[in-house]
Visitor: 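Pasting in a structure now, in structure tokens, and then I'll have a few things to ask.
Index from 1, following the sequence.
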Amino acid sequence: LAHTDFLPRGERAALLTRWADRLRLHHDRLARTITTATRKPITLSRAEVDRAIATLRATAEQAHALQPRQVDLGDAGSAELHGA
């Protein structure tokens, strides 16, 4: 498991938001790198970076929305799952 699997929801959302912010900050450079590496048209490379940013932001929003849930473990009792 990645170390982010153990982060509280708020910290996980903040981390994802910071990643999205960093991608936005380096948007043009990343798009040019994709174009150089793949020979993809720059418009498609820009769209790829935009999609990555949108995915990170949407995932961060969902991290806030996740609610812990109780799982019945039978005779062993129950457990509370976070972010699963």
Side-chain angles (χ1 to χ4, degrees):
L1 296 175
H3 73 279
T4 55
D5 292 340
F6 302 105
L7 289 176
R9 291 183 312 233
E11 288 181 41
R12 189 179 302 187
L15 177 63
L16 292 166
T17 299
R18 285 195 305 274
W19 286 346
D21 292 344
R22 295 288 296 214
L23 286 181
R24 175 63 58 206
L25 181 66
H26 299 286
H27 185 282
D28 290 335
R29 185 172 56 89
L30 291 168
R32 285 192 311 270
T33 299
I34 292 168
T35 292
T36 300
T38 65
R39 301 192 187 278
K40 184 182 291 193
I42 191 68
T43 54
L44 294 179
S45 296
R46 288 180 181 135
E48 189 171 333
V49 177
D50 288 339
R51 188 171 47 253
I53 293 166
T55 299
L56 287 168
R57 293 198 189 286
T59 304
E61 289 175 21
Q62 288 304 310
H64 283 299
L66 291 173
Q67 296 298 318
R69 61 186 171 104
Q70 291 285 15
V71 176
D72 182 7
L73 300 176
D75 291 339
S78 66
E80 188 174 271
L81 298 180
H82 296 265

Visitor: How about L56 and L23: do any of their side-chain heavy atoms sit closer than 4.5 Å?
Guide: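 L56 reaches L23 side chain to side chain.
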Visitor: Any chance you could measure H27, atom NE2, to L25, atom CG, to the nearest 0.5 Å?
Guide: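 So the NE2 of H27 and the CG of L25 are separated by 11.5 Å.
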Visitor: For A31 and V49, which heavy atoms make the closest approach, and how far apart are they?
Guide: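 Minimum heavy-atom contact is N-CG2, 3.9 Å.
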Visitor: What pair of heavy atoms forms the shortest contact from A60 to T17, and how long is it?
Guide: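 In terms of heavy atoms, the two residues are closest at CB-OG1, 3.5 Å.
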Visitor: Hey, could you give me each pair passing salt bridge (charged side-chain N to carboxylate O under 4.0 Å, His left out) that has a residue in residues 40-51? Not counting sequence neighbours.
Guide: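 Output for this query lists R24-D50, K40-E48.
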Visitor: Who are the side chain to side chain donor-acceptor pair (under 3.5 Å) partners of R57, not counting sequence neighbours?
Guide: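 By the side chain to side chain donor-acceptor pair (under 3.5 Å) rule, R57 matches D21.
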Visitor: R29: what forms a side chain to side chain donor-acceptor pair (under 3.5 Å) with it, not counting sequence neighbours?
Guide: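 In terms of side chain to side chain donor-acceptor pair (under 3.5 Å), with neighbours along the sequence ignored, R29 is linked to H26.
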Visitor: How long is the span from the OG1 atom in T59 to the CH2 atom in W19, to the nearest 0.5 Å?
Guide: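 So the gap between those two atoms works out to 10.5 Å.
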